[in-house]
Amino acid sequence: MLSLFIEGLTILFASYLIFFDQRNATSKFAWLLAMLMIPYFGLLLFLLLGRNQQKRRFSPVQKKNQQQLTRYLTHFFAQQEQWLGKENVLSSELYHLSGNAALRGNALESLADGEEAYQRILSDIRDATHHVHLFYFIYKADDTGKELAQLLMEKAAEGVEVRFMYDSVGSIKLPFDWLKQLVAAGIDVRPYDLVNSPLLSTRLNWRNHRKMVIVDGKVAHIGGMNLGNEYRSLTEKFTYWRDTNLRIEGPAALEVQGVFLHDWLYFEQEPEVASPFIDQAALYFPTEAIEKADDENCQIIFGGPYDKERMIHDAFMDVIGKATTSIKIASPYFVPDEESMATLRRAARSGIKVELMIPGKGDRALSYFGNTSFIDRLLEAGINVYFYDKEAFLHGKYMIIDDTIATIGSTNFDVRSFYLNHEISAFIYGPSKTVVEIINQFKEDLLKSEQVTQKQRATRSISQRIKERLSAFFAPLL
């Protein structure tokens, strides 16, 4: 009887996938194969991870709060004409795509070392006078997490507003007692999209992968670095943890502030929760920030699984599609969809120099072999692929187009970041000293990397080939 019931459920969900689900055909086919070939496990996996995120429903109060914040931010930035960036075809296209314009007057700092980035965050928080806002996908209560938490509690004791938000799955190991200490110290703590039980949750797979720190609305930090010992290279598994963060001082920091508040209010069920931030806009969105900044152009693009359009994915495809000479990509997790793979292959075959850097040693087997499963198709198109130092780990997520545009953010070049995660990336437009810094960082990373050849690929073991095939099969299931 149970077997017949499960078979009936499998047929029901398979029919739903075929006739009603809006995901791409590759993902549909992979889910259908999983449910048919491994019916019990495949069905369970689909119920936990395969639900269509755009079918999620939000209450009228939630929608109204979001609309109130969005309307204010749209009006606020529209009034700041002095911040509008220099004319750029790409930034104009991304503005029409996302609604966020490129803003000038920013002082940017690309931080290619985790320890340095962490110390800069600590330094900025120590200088806070009104508020500190933090969001991390992964926050660990290790020595690093405790040190930052202690500083946050000290700032809260000084009267500084501290709002700390974390992804409830990425930071699932945070001890409850430790979180209670933060709350007792006056810190406003909030899990993002709480998952009480993985077996009962319908949103387990839709996570907020952003990393953001905003201080007084004047300084923001975004990038690939989570909060924990390994991100400062204090780990035994890797000799070095290579990450990339971006420190922003100026108008673009206010865009990051808007993203944080967007996340902070997203699941509020009380009305008018956006009003305090709007009524005290001079404190949360200080317009004088531009006076102390340089003149770099920066555009903040963010998106998530509940958006009707794929903001991050489309922004990446847009800038890659406009490349004329070179494309440089560093990503710890490279699992492209068919469109992004085709875009990169087409660029390489048309004479554009495409270089991809991925980890030479993975943090997880599935992600490592998922990366390597695409190498043959890349090499066939003439794309140069590099393995970063095989004793270290490349976790930085950045891209450079024609040596004139660069991106830094939380976005991996993979299906999960493009379709399932909430992500944020900064697009920096040259001429820019920061773009030059990022180019030089890529050159330094290449010196620690080994180029992958077709000869090497031909000699890999049967075991590795099988692992790659399996990893490639499961990638669309995300």
Side-chain angles (χ1 to χ4, degrees), residues 51-77 98-100 131-139 161-172 174 179 183 187-196 201-214 217 220 222 226 253-281 284-285 300-313 409-411 416-425:
R51 305 287 291 276
N52 187 337
Q53 62 270 28
Q54 293 192 346
K55 296 294 184 180
R56 184 167 184 177
R57 297 290 181 262
F58 295 95
S59 71
V61 172
Q62 289 173 301
K63 294 177 181 178
K64 187 174 180 179
N65 288 332
Q66 286 299 305
Q67 290 167 357
Q68 183 182 5
L69 178 64
T70 300
R71 280 197 302 269
Y72 171 75
L73 292 176
T74 300
H75 176 75
F76 172 78
F77 285 108
S98 67
N100 283 11
H131 67 267
V132 177
H133 292 162
L134 303 95
F135 184 101
Y136 280 102
F137 173 65
I138 296 175
Y139 192 110
E161 297 177 2
V162 180
R163 295 178 178 87
F164 168 52
M165 186 162 43
Y166 61 93
D167 184 82
S168 64
V169 173
S171 301
I172 196 169
L174 278 179
L179 292 170
V183 174
I187 296 173
D188 200 346
V189 178
R190 182 170 300 181
Y192 188 89
D193 214 356
L194 183 62
V195 174
N196 292 313
S201 175
T202 59
R203 55 185 184 270
L204 178 66
N205 206 31
W206 313 327
R207 307 318 313 163
N208 196 322
H209 192 243
R210 298 195 253 261
K211 298 92 175 163
M212 301 177 287
V213 177
I214 306 97
I222 65 172
N226 290 295
L254 299 179
E255 290 277 21
V256 181
Q257 177 84 295
V259 178
F260 176 88
L261 293 178
H262 178 90
D263 289 344
W264 186 258
L265 302 176
Y266 209 67
F267 300 100
E268 279 282 1
Q269 295 290 349
E270 297 296 324
E272 300 297 326
V273 290
S275 296
F277 301 107
I278 296 172
D279 295 341
Q280 302 179 69
Y284 295 103
F285 297 93
I300 302 298
I301 305 294
F302 68 101
Y306 309 131
D307 297 331
K308 291 183 179 180
E309 303 295 336
R310 302 303 182 186
M311 302 296 186
I312 292 283
H313 173 271
S410 64
T411 310
R416 172 163 289 280
S417 281
F418 289 158
Y419 293 96
L420 297 174
N421 286 343
H422 300 270
E423 303 283 5
I424 182 171
S425 284

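No hydrogens, no waters, no symmetry mates; every other heavy atom, side chains included, goes into these values. The shown structure was predicted, so the numbers you read here are calculated from the model rather than taken from an experiment. Numbering of residues begins at 1 and proceeds along the displayed sequence.
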Q: Using modelled atom types only, decide if a donor and an acceptor are shared between the side chain of Asn208 and the backbone of Arg210 within a distance under 3.5 Å.
A: yes
Q. Roughly how far apart are Glu161 CD and Ile187 CD1, rounded to 0.5 Å?
A. 12.5 Å
Q: Might you point out which heavy atoms bring Tyr284 and Arg163 nearest each other, and give the distance in Å?
A: OH-NH2, 3.4 Å
Q) Do His131 and Gln280 get their side chains close enough for a donor-acceptor pair, meaning under 3.5 Å? A) no
Q.
To check you understand the geometry: which heavy-atom pair defines the closest contact between Ile300 and Glu255, and what is its length?
A. CG1-CB, 3.7 Å
Q. For the residue pair Glu268 and Asn65, what are the closest heavy atoms and their distance?
A. O-ND2, 3.8 Å
Q.
Is it the case that the side chain of Arg207 and the backbone of Tyr192 share a donor-acceptor pair, with hydrogens and angles ignored and the cut-off at 3.5 Å?
A. yes
Q | Straight-line distance of Leu174 CG to Ile138 CD1, nearest 0.5 Å | A | 10.5 Å
Q: To the nearest 0.5 Å, tell me how far Ile301 CD1 sits from Thr411 OG1.
A: 10.0 Å
Q: Examine Phe277 together with Tyr72 and report whether their ring centres are nearer than 6.0 Å.
A: no
Q. Quick one: are Met165 and His133 in side-chain contact, heavy atoms under 4.5 Å?
A. no
Q. In terms of ring plane angle, is the pair His262 and Tyr266 parallel, tilted or perpendicular, where the classes change at 30° and 60°?
A. tilted
(Q) Looking at Pro191, is its backbone amide N or carbonyl O close enough to the side chain of Ser168 to form a donor-acceptor pair, meaning the two atoms are under 3.5 Å apart? (A) no
Q) In Å, rounded to the nearest 0.5 Å, how long is the span from CG of Leu69 to CH2 of Trp264? A) 13.5 Å
Q: Quick one: pull up CZ in Phe135 and OG in Ser410 and give me the separation to the nearest 0.5 Å.
A: 9.5 Å
Q: Using a 4.5 Å cut-off on heavy atoms from C-beta on, say whether the side chain of Gln269 contacts that of Ser59.
A: yes
Q. Between Met311 and Asp307, which heavy-atom pair has the shortest distance, and what is it?
A. CG-OD2, 4.3 Å
Q | Distance-minimising heavy-atom pair for Pro276 and Glu272 | A | CD-O, 3.7 Å
Q: Measure up the His313 and Phe418 rings against each other and bin them: parallel (under 30°), tilted (30 to 60°), perpendicular (over 60°).
A: perpendicular
Q) Are Asp167 and His422 close enough that some pair of their side-chain heavy atoms sits under 4.5 Å apart? A) no
Q: State which residue, out of Tyr419, Phe302, Phe137, Tyr166, fulfils the ring pair (Phe, Tyr, Trp, His ring centres under 6.0 Å) condition with His209.
A: Phe137
Q: Find the distance between CD (Gln62) and CD (Gln66) and round it off to the nearest 0.5 Å.
A: 8.5 Å
Q) Hey, which of Leu261, Val256, Val259 is the one that makes side-chain contact (heavy atoms from CB on, under 4.5 Å) with Ile214? A) Val256
Q | Nearest atoms (heavy-atom pairs only) where Ala274 meets Leu265 | A | CB-CD1, 3.5 Å
Q) Using the ring of each side chain (for Trp, its six-membered ring), is Phe285 parallel, tilted or perpendicular to Phe76, with breaks at 30° and 60°? A) tilted
Q. Is there side-chain contact between Asn100 and Phe77, with heavy atoms separated by less than 4.5 Å?
A. no
